Amino acid sequence: MNPEEDTDTGAFRLEVRDWLAENFPTSLADNPARQAVDIFGPDNCNPDFLLWKVRLGAKGWTVPRWPQRYGGGGLSEAQVEVLTHEMGRIGATNPVQGMSVNLLGPTLLEFGSEEQKLQHLPPVARGEVRWCQGYSEPGAGSDLASLQCLAEDRGDSFLINGQKVWTSGAHFAHWCFCLVRTDRTRKQGGISFVLIDMRSPGVEAQPIKLIYGGSTFCEVFFKDVVVPKANLVGQLNGGWAIAKRLLQFERSGIGDTRRARSVRRLADVVREYGAFDSDGRLADADLRARLAAHEIDARAVALTNQRIALENRAGLDAGAATSILKNATIAADQTRMELIIELLGHDGLGWDGDAYPQEALESVRLWLRGKSGSIYGGTHEIQNNIISKRILGLPDAKP
Ligand SMILES: Cc1cc2nc3c(=O)[nH]c(=O)nc-3n(C[C@H](O)[C@H](O)[C@H](O)COP(=O)(O)OP(=O)(O)OC[C@H]3O[C@@H](n4cnc5c(N)ncnc54)[C@H](O)[C@@H]3O)c2cc1C
């Protein structure tokens, strides 16, 4: 127990330690790869990982801040700090990650009906269902409000016809939170937010192949898909406000410092590949200056993200400032990956095969994958538009 802790927090720490000692499978600590979660790929089926997920989910500690009636732990901020610290101490990670828990969960907590929360949140907390985000369409990306996927009123249900694109993880998702057009006469005011069961007849997800070799997203087609009206979140034609709030969760999540960003730490790559002078400094003064500038930026971004996350939990809404966070975090990520590739030199030219070290090949793929950071969640330019309009108060650019 930490000597500076109050009695309640200290007692909770002991409770957490005991519980983890009994419930966290030690085989996972010995080999962190066994806890890996690919949020847009296949499930991790390691038996100990699955056991850990069931146990932590049943305890409500996969979503420790959520109310207990929705499958959460109902913990205070101080208790969450303790839980996070104790899990970190023994190498335990949260087995429930991704859009379900980070985007859909907080949005339903804010806008969902009691029935929707009770139906959808507990399975999310237990990591039993995966959700995808049906926002973008072939003709509606940055200008999202021009989306055309149609939901026709059929009494107790909607009949959905249309197409989504770039839908991450749709090929593994059970459900989709989806923006649909319910009024063709109004733009933003004609959009509704609905929950679609991906196993419904008429839903088809086709994976799209990316430049780094993987397929994390899909085209999704809806043909005469019947969706009960009970799956409408909020008001009919009131989906735009919900969609924007969810994007704020997405952008602040992109700035979440706990994300795994790289197989290799930049400092390790510098040590292995850098050329050093007789004083032990990097010989290339220009590279040295760029590395130092990046380290300072990355540290400032990480600390700002931490501050905003804490403020968020204390009820202070970062609002449009999430756009600044998104751009700054992605820029720092991309700079780090560029520096790694530059340092790798010849090893950074590999794509596949035995001629290159495995870690270098993974770095190249991450560097390529990182290019998408300034596109998803709203492009870099769109964030700049939001910053100029909503934060700086500048007028809209006229064509
Ligand atoms: C890896 C990845 C995962 C994704 N996952 C999902 C997902 O799960 N669900 C989902 O719905 N979508 C997803 N997307 C789609 C993403 O949200 C869109 O790609 C993004 O909103 C941009 O839309 P677009 O691709 O249609 O580009 P466009 O909107 O056609 O933009 C093309 C270019 O024009 C610029 N531009 C457009 N309008 C303006 C303007 N007004 N001012 C200045 N510049 C402008 C853009 O910045 C961009 O550079 C994902 C994308 C990627 C790359």
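In listed order, ligands and their atoms are each counted from 1. These numbers come from the heavy atoms of this one structure, side chains and all, not from hydrogens, waters or symmetry mates. Nothing here was measured: the structure is a model prediction, and the numbers come from that model.
Only side-chain heavy atoms of N385 come within less than 4.0 Å of ligand 1; its backbone N, CA, C and O stay farther off.
Looking at ligand 1, you won't find any N or O of T167 less than 3.5 Å from one of its N or O atoms. Considering backbone and side-chain atoms alike, S372 places every N or O at 3.5 Å or more from each N or O of ligand 1. At least one N or O atom of S136, backbone or side chain, sits closer than 3.5 Å to an N or O atom of ligand 1.
In this structure, R365 does not pair ionically with E362, as no charged nitrogen and carboxylate oxygen lie closer than 4.0 Å. Using a 4.0 Å cut-off between charged nitrogen and carboxylate oxygen, K223 and E204 do not count as a salt-bridge pair.
Side chains of T182 and D153: a donor-acceptor N/O pair is absent below 3.5 angstrom, by distance only. For the residue pair D38 and N44, no side-chain donor N or O sits within less than 3.5 Å of a side-chain acceptor on the partner. Q334 and S374 form a side-chain donor-acceptor contact under 3.5 Å, judged by distance and modelled atom types alone. Q35 and T93 are linked by a side-chain donor-acceptor pair at a separation below 3.5 angstrom, with hydrogens and angles left out of the test.
Taking the six-membered ring for Trp, F24 and W52 have ring centres closer than 6.0 Å.
Close approach to I375 involves these atoms of ligand 1, each under 4.0 Å from a residue heavy atom: 19 (O), 20 (C), 53 (C). The I382 neighbourhood of ligand 1 comprises atoms 38 (N), 39 (C), 40 (C), 41 (N), with distances under 4.0 Å to a heavy atom of that residue. Close approach of ligand 1 to Y135 (heavy-atom distance below 4.0 Å) involves ligand atoms 11 (O). Atoms of ligand 1 found under 4.0 Å from any heavy atom of Y376, numbered from 1 in the order shown, are 1 (C), 2 (C), 3 (C), 4 (C), 50 (C), 51 (C), 52 (C).
Ranking protein heavy atoms by distance to atom 2 (C) of ligand 1, first place goes to F217 CE2, 3.4 Å. The protein heavy-atom contact nearest to atom 48 (C) of ligand 1 is T379 CG2, 4.1 Å. Taking atom 29 (O) of ligand 1 as the reference point, the nearest protein heavy-atom neighbour is S142 OG, 2.6 Å. Protein heavy atom nearest atom 6 (C) of ligand 1, with residue, atom name and distance: W166 O, 2.6 Å. G141 CA, 4.0 Å is the protein heavy atom nearest to atom 24 (P) of ligand 1.
With sequence neighbours left out, E152 forms a salt bridge (Lys or Arg N to Asp or Glu O under 4.0 Å) with R154. For I386, the side-chain contact (heavy atoms from CB on, under 4.5 Å) partners are R251, A320, S323, I382, Q383, R390, not counting sequence neighbours.
The heavy atom nearest to atom 44 (N) of ligand 1, out of those in Q133, R369, E381, is found in E381. Between C132, A140, S374, S168, it is S168 that holds the heavy atom closest to atom 5 (N) of ligand 1.
In this structure, atom 26 (O) of ligand 1 has a protein heavy-atom contact shorter than 4.0 Å. Within 4.0 Å of atom 13 (C) of ligand 1, at least one protein heavy atom is present. In this structure, atom 35 (C) of ligand 1 is not in close contact with the protein, since no protein heavy atom lies within 4.0 Å of it. Taking a distance limit of 4.0 Å, we find that atom 22 (C) of ligand 1 is approached by some protein heavy atom.
The closest approach between any non-hydrogen atom of M99 and ligand 1 is below 4.0 Å.
Using cut-offs of 30° and 60° on the angle between ring planes, the pair H120 and W131 is perpendicular. F177 and F193 have parallel rings, their planes meeting at less than 30° on a 0 to 90° scale where 60° marks the start of perpendicular.
Residue R199 places its CZ atom among more than 12 non-hydrogen atoms of other residues, nucleotides or ligands, all under 6.0 Å distant.
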